[in-house]
Amino acid sequence: MLKYVGRSVPRKEGTAKATGRAGFLDELRFEGALHARTFRSTIARGRLAGVRLALAGDGFTVVDWTDVPGRNRVSEQCEQPFLVEREIHHAAEPVLVLAHAERDALLAARVELDEEPGEPVLDAERAREAFKTVAIEKGDAAAALASAPVVVEGEYRTGHQEHAYLEPQGVVAVPDGDSLAIYGSLQCPFDVQRAVERLLGGAVRSVRVVATEIGGGFGGKEEYPALIAGHAALLAWKARRPVKLVYDRAEDMLATTKRHPAVVRHRTGLDRDGRLLAMEIDVLLDAGAYATLSPVVLTRACIHATGPYRCDAVRIRGRAARTNTPPNGAFRGFGATQTQFAIEVHLDRIAQAVGLDPVRLRERNALRSGDTTATGQRLGADTSALAVLRAAVRRSGYRRKRAAATDGRRGVGLALTWHGAGFTGNGERWLASRAALETTPDGVRILCASTEFGQGTRTMLAQIVAEALDVPFESVELAPADTSLSPDSGPTVASRTCMVVGRILQHAAEELRERLAGLSPGEYHRRHGTLSVTKEYEPPAGAAFDDERCRGDAYATFAFGCHVAEVELDRDTFEARPSRLTAVVEVGRAVHPVLARGQVEGGTAQGVGGALFEHVTMRGGRMTNARLGDYRVPRACDTPRIDVVLLESPFAGGPYGAKGLGELPIHGPAPALVNALRSLGLDLREVPVRPDAILEAACGSS
């Protein structure tokens, strides 16, 4: 019987946040600090011929690319510069950063850029350059398609989506002699540290990065904070004073990364009973002007493109195209959301073509234990695609409601999805993540770089450690995510924190418990001083992956989910209003049930936004509705009732059976809602679905 895992204990940071004592980035104060501002390109492509400054008064610190003492590149793998040198590749690209002690003086400063426009590439389908291509082969898809009795083709599109985190991007850079500290709203402290070290070269002896309280991330604070941290670091290093750089909402929406727009084409062969015989899939992602994380997003998109379905003949081709728009990056679900929208909408069209109920079609083809995926990975006993499908159909009353929806106004649809937890392929091996435990006078302290941005990291990790050590939950504390204190446990991304970092800490706690020899951590500390244990992640035994050929064990395991969406269509305004979503997810084990439900509710609501409301408008490679007043995220009145069901199918490689959860819930809402509209006779294949698209589909079906 477990004491702490599986219980909804109080959140570690809950009281501080509820009472306002938890200080977020913009609340930090440093004596003598300067405020900073970024000046950006206005054209989508061209050359920077010159810069003219109009600064009223003294006290300004100005930095451009000529001030970079190290390497003017944000990452080793990407050519993106911290500051433009000559070539401009997208609108809102940083050219110059400016700092001053007074905000008003900073806002009054004028910078004129002499820009020579070039011809931009704004359509990914016409782009000639690709940052990454992916090819996955299983069996002979061409031969299977040629002999298939039924072949169904389709094209499906997903647009940009803004992260819309509560707290915009922000950092403070603080110089101290020949060292520098970065405080930031960021997901990956060690990634930021490495980026700033490359930027500053030998100009500083050391760079320390501390993650402050973080007001949401969703992947938007994975790679981008390295860029803004670099800007603040350059200013602080030059001025020899602390520098705070915080974006306002408009700048954040204009300049930062978004979900990759995608075009996914399917050609699927089936027998007359609806069994999948062949799948040919083409995936195109709009990467934007620089690669950022597009290679890993594309790989995950392609691996998940078949959905959780068995098929012996699969051919997948993927391409991340370069365009002259702001770079796109990680966003909850990264890539898998786009391709699973396509396959789930495609399956409902297939069901129509072969005359099968959508549930029966999925039941006939859903992955089972022992099946192999498109990469050849053999699935384990924890495979639960059928379990979540049947539970969602039963819980929602899907069949009854679908049969009763005859008035052309109320529709119901579903989507079955999956998500691989952790980094793809050999990613976790390359990361070699480490975490540590150490005794304190009052108990034990967790040392890791995993950050808390609302998902419950601190609480969940403390539960795992308390369980393994058999100590009170209250006696477990977490050190700040600080590169000077904690080992590198890897980035807080990819649904990996619970499964990967939690497993490391479980092993560390088990070893620490043995070495305590019956004493409590506090007792041992008082008698003998600090006792610490550091452990490294151990991938599942026998797992192997060929990254070049995309073959083998892509993930340690998969989690599965099913959404059933109920929608009401206003035939006067052609607005689709979701009235209820049933979300059934299988999480291995729910370490903290309330937090797990919160993840499912939040991801589902975010998926509703991407499906119906969140439309990014681009003109000339620039976002034109970069304000929350113009970019509509779901309001309380837009968010339907969400009924969450947690299923458990423990995974032996996770802490107490737990898998990753954070991203799985965002995959299902959009295709489930579009399929609900399809049940009303509306052929829709693109999100976000706006009233004009519904009107057009209604006219086409009449």
What side-chain donor-acceptor pairs closer than 3.5 Å can you find for residues 616-628, not counting sequence neighbours?
residue	atom	partner	partner atom	Å
Thr617	OG1	Thr624	OG1	2.5
Thr617	OG1	Asn625	OD1	3.1
Thr624	OG1	Thr617	O	3.3
Asn625	OD1	Thr617	N	3.1
Asn625	ND2	His615	O	2.8
Arg627	NE	Asp630	OD2	3.0
Arg627	NH2	Asp630	OD2	3.2

Less than 3.5 Å apart, which donor and acceptor atoms pair up between the side chains of residues 295-303 and the rest of the protein, not counting sequence neighbours?
residue	atom	partner	partner atom	Å
Thr299	OG1	Pro295	O	2.9
Arg300	NH1	His419	NE2	3.0
Arg300	NH1	Gly420	O	2.7
Arg300	NH2	Gly422	O	2.6

Return all side-chain donor-acceptor pairs below 3.5 angstrom for residues 145-157, not counting sequence neighbours, or 'none' if the list is empty.
residue	atom	partner	partner atom	Å
Ser147	OG	Ala143	O	3.2
Ser147	OG	Ala144	O	3.4
Glu153	OE2	Arg267	NE	3.3
Glu155	OE1	Arg265	NE	2.8
Glu155	OE1	Arg265	NH2	3.2
Glu155	OE2	Arg157	NE	3.1
Glu155	OE2	Arg157	NH2	3.0
Tyr156	OH	His346	ND1	2.6
Tyr156	OH	Arg349	NH1	2.7
Arg157	NH1	Glu125	OE2	3.2
Arg157	NH2	Glu125	OE1	3.4
Arg157	NH2	Glu125	OE2	2.9

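Judged purely by distance below 3.5 Å, without hydrogens or angles, the side chains of His260 and Ser294 pair a donor atom with an acceptor atom. Using modelled atom types, one finds a donor on one side chain and an acceptor on the other under 3.5 Å when comparing Ser495 with Glu663. A donor atom on one side chain and an acceptor atom on the other are found under 3.5 Å apart for Thr573 and Glu575. In this structure, a donor-acceptor pair under 3.5 Å is absent between the side chains of His163 and Thr256.
Considering Tyr309, Phe558, Tyr555 in turn, Phe558 is the only one that fulfils the ring-ring contact (aromatic ring centres under 6.0 Å, His included) rule with Trp418.
Atom CZ of Arg551 has more than 12 neighbouring heavy atoms from other residues, nucleotides or ligands inside a 6.0 Å radius.
Taking the ring pair (Phe, Tyr, Trp, His ring centres under 6.0 Å) definition, one finds that Phe423 meets it with nothing, sequence neighbours left out. Among residues two or more places apart in sequence or in another chain, the side chain to side chain donor-acceptor pair (under 3.5 Å) test is passed with Thr372 by Lys138. Residues passing the side-chain contact (heavy atoms from CB on, under 4.5 Å) test with Asp638 are Phe613, Arg632, Pro634, Arg635, sequence neighbours excluded.
In terms of modelled atom types and a separation under 3.5 Å, the side chain of Asp286 and the main chain of Ala124 share no donor-acceptor contact.
Both tests hold for Lys221 against Tyr165: distance to the six-membered ring centre under 6.0 Å, angle to the ring axis within 45°.
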